[in-house]
Trainee: 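Let me begin by handing over the structure; questions about it come next.
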Amino acid sequence: MLVGHLAWSNGVLAQVKNELSITLKNPRKVSANLQETVEISWDEVKKRFPAVTANDFKVINLKTGEEVPFQLEYKGSSTPKHLLLNVVVSAGKSLNLKIVKGKPVPAVTKVYGRYVPERKDDFAWENDRIAFRMYGKALESTNENAYGIDIWAKRTDKLVIDKWYKTGDYHADHGDGLDYYSVGLTLGGGDIAPYIADEIRFPKNYANWQILDKGSIRFTFVLSYNEWNVAGKQVTVKKQYTLDAGSQMNRVEATFGFDGTKGTLPVAIGIVQRKEPGKVFQKDKSGITGYWEPEHGADGTLGVGTIVVDSRARIVTNASHLLTVVEAEPNKPVVYYNGAAWNKAGIITDSIQWFNYLQNYKQTITEPLRVEFK
């Protein structure tokens with residue numbers, strides 16, 4: 001029930017709302033109990049609750065009476081676009097919330113990222129589960145050059161990027177994880193590039209970066225690449241990455257520009273394979289590629305995965321990569337998901353759990369939580 005007070009407007013008695021009730025419903029039949037970030041239109045919230053302001057409201061769980069952490073998403077704008085809630089709702093269940101005016105308890109920051117000029121233009125980002133990095137222009141002139149997405153194996157929910165870069169000693173595990181993933185001149189853990197005549201046509205490393213959102217629940221940024229020649233066609237790409245708290249996966253929007261306004265460009269989303277045998281999950285038309293790497297000695301094992309929600313996607317395997325190939329249209333984003341899990345983190349510890357996670361995660365994409373206003 002909405003609670004309000006009475007006010008006169010143009011001689012008519014009206015009720016002014018001082019709270020807004022919202023219900024989040026899980027439409028799925030099978031419960032995976034994954035953390036999900038729900039996007040609620042801020043314009044819709046304002047429309048239904050005009051008294052609310054961006055810097056003076058709280059979200060309350062009606063069952064427990066406790067505050068629910070939230071973030072306002074700006075997408076690089078000066079005004080909010082979405083109210084973000086990071087929740088767990090079991091299959092077939094609902095979560096009843098209300099928005100009220102008041103100062104919220106400060107949220108714990110669970111996502112982070114930054115440009116790292118002190119390490120040859122890296123861009124690194126993380127959440128409370130896993131961490132990643134991409135390589136910048138300064139690395140190109142060294143014998144360490146690499147192309148694809150790097151994975152940092154974490155076994156702490158604390159944010160470690162600044163600590164690891166400060167010490168420089170992140171190739172050894174001192175209790176919270178390490179970077180042992182090998183990328184080299186590959187797509188690494190789920191990067192994307194044109195795929196022509198059975199060959200990956202890599203760009204050089206990213207040239208420019210922009211952070212769009214840097215909050216407690218969601219971190220979003222864009223990497224831009226200089227133009228390069230792909231089979232006689234000049235190509236550009238911008239990649240937007242979004243990482244949410246509690247997730248093993250990034251959401252990626254890769255937008256390719258190329259000569260002409262018609263036609264498509266085949267592009268491949270890939271996971272580098274190791275020389276030793278690992279375990280692979282690829283199911284026709286599922287869009288899911290899962291890879292459980294061979295054990296890396298005392299460092300343990302990484303699971304790596306990609307998800308493409310496009311029925312036209314096709315699976316390709318070559319000597320070095322597990323690939324999912326799609327057709328990119330000019331200036332239209334190719335949307336996919338990539339991520340990883342480390343067995344020594346103790347959350348996902350074997351290939352079965354990892355492949356199940358990827359399938360359950362896809363369900364959260366194709367059947368998201370439903371938002372109802374009351």
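Index from 1, following the sequence.
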Trainee: Check for a donor-acceptor pair, side chain of K154 on one end and backbone N or O of N127 on the other, with a separation under 3.5 Å.
Mentor: yes
Trainee: For residues I315 and I269: do they belong to one hydrophobic cluster (side chain heavy atoms under 4.5 Å, members Ile, Leu, Val, Met, Phe, Trp, Tyr)?
Mentor: no
Trainee: Examine distances only and state if a side-chain atom of H82 and a backbone atom of E73 form a donor-acceptor pair shorter than 3.5 Å.
Mentor: no
Trainee: Report yes or no: does D128 contribute a side-chain atom to a donor-acceptor pair with the main-chain N or O of D157 at less than 3.5 Å?
Mentor: no
Trainee: When rounded to the nearest 0.5 angstrom, what is the spacing between CD in E36 and CD1 in I365?
Mentor: 10.0 Å
Trainee: If the test is ring pair (Phe, Tyr, Trp, His ring centres under 6.0 Å), which one of Y336, Y206, F221 qualifies with Y241?
Mentor: F221
Trainee: Measure from NZ or CZ of R274 to the centre of the six-membered ring of Y181, then state whether that distance is under 6.0 Å and the direction lies within 45° of the axis.
Mentor: yes
Trainee: Is the shortest heavy-atom distance from the side chain of I200 to the side chain of P194 under 4.5 Å?
Mentor: no
Trainee: Give a yes or no on whether the backbone of G189 and the side-chain of N338 come within a donor-acceptor separation of less than 3.5 Å.
Mentor: yes
Trainee: Any side-chain heavy atom of E118 sitting closer than 4.5 Å to one from V116?
Mentor: yes
Trainee: Could you go step by step and tell me if Y112 and L159 meet the side chain to side chain contact (heavy atoms under 4.5 Å, CB included) rule?
Mentor: CA-CA 7 Å; Y112 176 67; L159 302 175; 3.8 Å; yes
Trainee: Would you call D213 and R218 a salt bridge, using N to O less than 4.0 angstrom?
Mentor: no
Trainee: Under a 4.0 Å N-O cut-off, is there an ion pair linking R114 with D162?
Mentor: yes
Trainee: When you look at NZ of K204, are more than 12 heavy atoms from neighbouring residues, nucleotides or ligands closer to it than 6.0 Å?
Mentor: no
Trainee: Between F123 and Y115, is a ring pair (Phe, Tyr, Trp, His ring centres under 6.0 Å) present by the stated rule, with each step listed?
Mentor: CA-CA 4 Å; F123 197 100; Y115 167 57; 7.3 Å; no
Trainee: For G346, is there any backbone N or O sitting under 3.5 Å from a side-chain donor or acceptor partner on N343?
Mentor: no
Trainee: Could you point out which residue of W209, W152, F132 forms a ring pair (Phe, Tyr, Trp, His ring centres under 6.0 Å) with W125?
Mentor: F132
Trainee: Under 4.0 Å between a side-chain nitrogen and a carboxylate oxygen: does that hold for R119 and D122?
Mentor: yes
Trainee: Closest heavy-atom contact between F70 and S216?
Mentor: O-OG, 3.6 Å
Trainee: Check this for me: does any side-chain nitrogen of one of K137 and D121 sit under 4.0 Å from a carboxylate oxygen of the other?
Mentor: no
Trainee: Is a donor on one side and an acceptor on the other found under 3.5 Å between the side chain of K93 and the backbone of K25?
Mentor: no
Trainee: Assess the residue pair T242 and N250 against the criterion (side chain to side chain donor-acceptor pair (under 3.5 Å)); give the C-alpha distance rounded to whole Å, side-chain angles, the decisive distance to 0.1 Å, and a yes or no.
Mentor: CA-CA 5 Å; T242 299; N250 296 289; over 6 Å; no
Trainee: Please test V222 against L212 for side chain to side chain contact (heavy atoms under 4.5 Å, CB included), starting from the C-alpha separation and ending with a verdict.
Mentor: CA-CA 7 Å; V222 177; L212 301 182; 3.8 Å; yes
Trainee: Please check if the distance between the ring centroids of W42 and F57 is under 6.0 Å.
Mentor: yes
Trainee: Heavy atoms only: give me the nearest Y225-T236 pair and the separation to one decimal.
Mentor: O-CB, 4.5 Å
Trainee: Let me check something: do Y180 and L187 share a hydrophobic cluster, defined by ILVMFWY side-chain heavy atoms less than 4.5 Å apart, either directly or through other members?
Mentor: no
Trainee: Would you indicate whether the side-chain heavy atoms of L95 and T23 approach each other to under 4.5 Å?
Mentor: no
Trainee: Keeping the roles fixed (side chain from D259, backbone from Q234), state whether a donor-acceptor pair exists under 3.5 Å.
Mentor: yes
Trainee: Answer yes if M249 and W342 sit in the same cluster of Ile, Leu, Val, Met, Phe, Trp and Tyr residues linked by side chain heavy atoms under 4.5 Å apart, and no otherwise.
Mentor: no
Trainee: Give me the atom names and distance for the closest heavy-atom approach of H321 to L323.
Mentor: CB-CD2, 3.5 Å
Trainee: Indicate yes or no: at least one non-hydrogen side-chain atom of D176 is less than 4.5 angstrom from one of K163.
Mentor: yes
Trainee: Indicate whether the side chain of N55 and that of T53 have a donor and an acceptor atom separated by less than 3.5 Å.
Mentor: yes
Trainee: With the side chain counted from C-beta on, respond yes when V59 and L85 share a heavy-atom pair under 4.5 Å apart, and no when they do not.
Mentor: yes
Trainee: Can you name the nearest heavy-atom pair linking E126 to I161, along with the distance?
Mentor: OE2-N, 2.8 Å
Trainee: Looking at I99 and F49, what are the two nearest heavy atoms and their distance?
Mentor: O-CE2, 3.4 Å
Trainee: Please assess R129 against K110 for the test side chain to side chain contact (heavy atoms under 4.5 Å, CB included), listing each intermediate value before the final yes or no.
Mentor: CA-CA 9 Å; R129 294 289 188 90; K110 297 183 178 182; over 6 Å; no
Trainee: Do the non-hydrogen side-chain atoms of I60 and V100 ever get within less than 4.5 Å of each other?
Mentor: yes
Trainee: If I compare all heavy atoms of A268 with all of V325, which pair ends up nearest, and what's the gap?
Mentor: CB-CG2, 4.1 Å
Trainee: Is the closest side-chain donor-acceptor distance between S21 and N96 under 3.5 Å?
Mentor: no
Trainee: Does any non-hydrogen side-chain atom of L265 lie less than 4.5 Å from one of E327?
Mentor: no
Trainee: Decide yes or no on side chain to side chain contact (heavy atoms under 4.5 Å, CB included) for V280 and L322, but give the supporting numbers first.
Mentor: CA-CA 9 Å; V280 175; L322 302 170; 4.0 Å; yes
Trainee: Between T109 and V111 (side chain of the first, backbone of the second, donor and acceptor by atom type, cut-off under 3.5 Å), is there such a pair?
Mentor: no
Trainee: Say whether Y170 and L178 are linked into one hydrophobic cluster, either directly or through other cluster members, by side-chain heavy-atom distances under 4.5 angstrom.
Mentor: no
Trainee: Can you tell me if L62 has over 12 outside heavy atoms packed within less than 6.0 Å of its CG?
Mentor: yes
Trainee: Measure the CD-CD distance between Q273 and E293 for me, rounded to the nearest 0.5 Å.
Mentor: 10.0 Å
Trainee: Give the C-alpha distance, both sets of side-chain angles, the deciding distance and a yes or no for salt bridge (Lys or Arg N to Asp or Glu O under 4.0 Å) between E199 and R201.
Mentor: CA-CA 6 Å; E199 182 182 343; R201 306 299 178 95; 3.7 Å; yes
Trainee: Are any side-chain N or O atoms of Q71 and backbone N or O atoms of I217, one a donor and one an acceptor, separated by less than 3.5 Å?
Mentor: yes
Trainee: Are a donor atom and an acceptor atom from the side chains of R28 and Q363 found within less than 3.5 Å of each other?
Mentor: no
Trainee: Any link between V87 and L83 through a network of hydrophobic side chains (Ile, Leu, Val, Met, Phe, Trp, Tyr) touching at under 4.5 Å?
Mentor: yes
Trainee: State, without any angle test, whether N145 and E140 hold a side-chain donor-acceptor pair at a distance under 3.5 Å.
Mentor: no
Trainee: Let me confirm one number: the NZ-NZ distance from K374 to K98, rounded to the nearest 0.5 Å.
Mentor: 13.5 Å
Trainee: Just so I know, are the side chains of T366 and V309 near enough to count as touching, which here means a heavy-atom distance under 4.5 Å?
Mentor: yes
Trainee: Kindly check if the number of other-residue, nucleotide or ligand heavy atoms within 6.0 Å of NZ (K332) is above 12?
Mentor: no
Trainee: The criterion is salt bridge (Lys or Arg N to Asp or Glu O under 4.0 Å); which residues satisfy it with D173, sequence neighbours excluded?
Mentor: R155
Trainee: Just checking, is any N or O donor in the side chain of D244 or T37 under 3.5 Å from an acceptor N or O on the other one?
Mentor: yes
Trainee: Determine, for R370 against E372, whether the closest basic-nitrogen to carboxylate-oxygen distance falls under 4.0 angstrom.
Mentor: no
Trainee: Below 4.0 angstrom, N of the basic side chain to O of the carboxylate: do K344 and D299 qualify?
Mentor: no
Trainee: Whether the side chain of N61 engages the backbone of E66 through a donor-acceptor N/O pair (distance < 3.5 Å, no angle test) should be reported.
Mentor: no
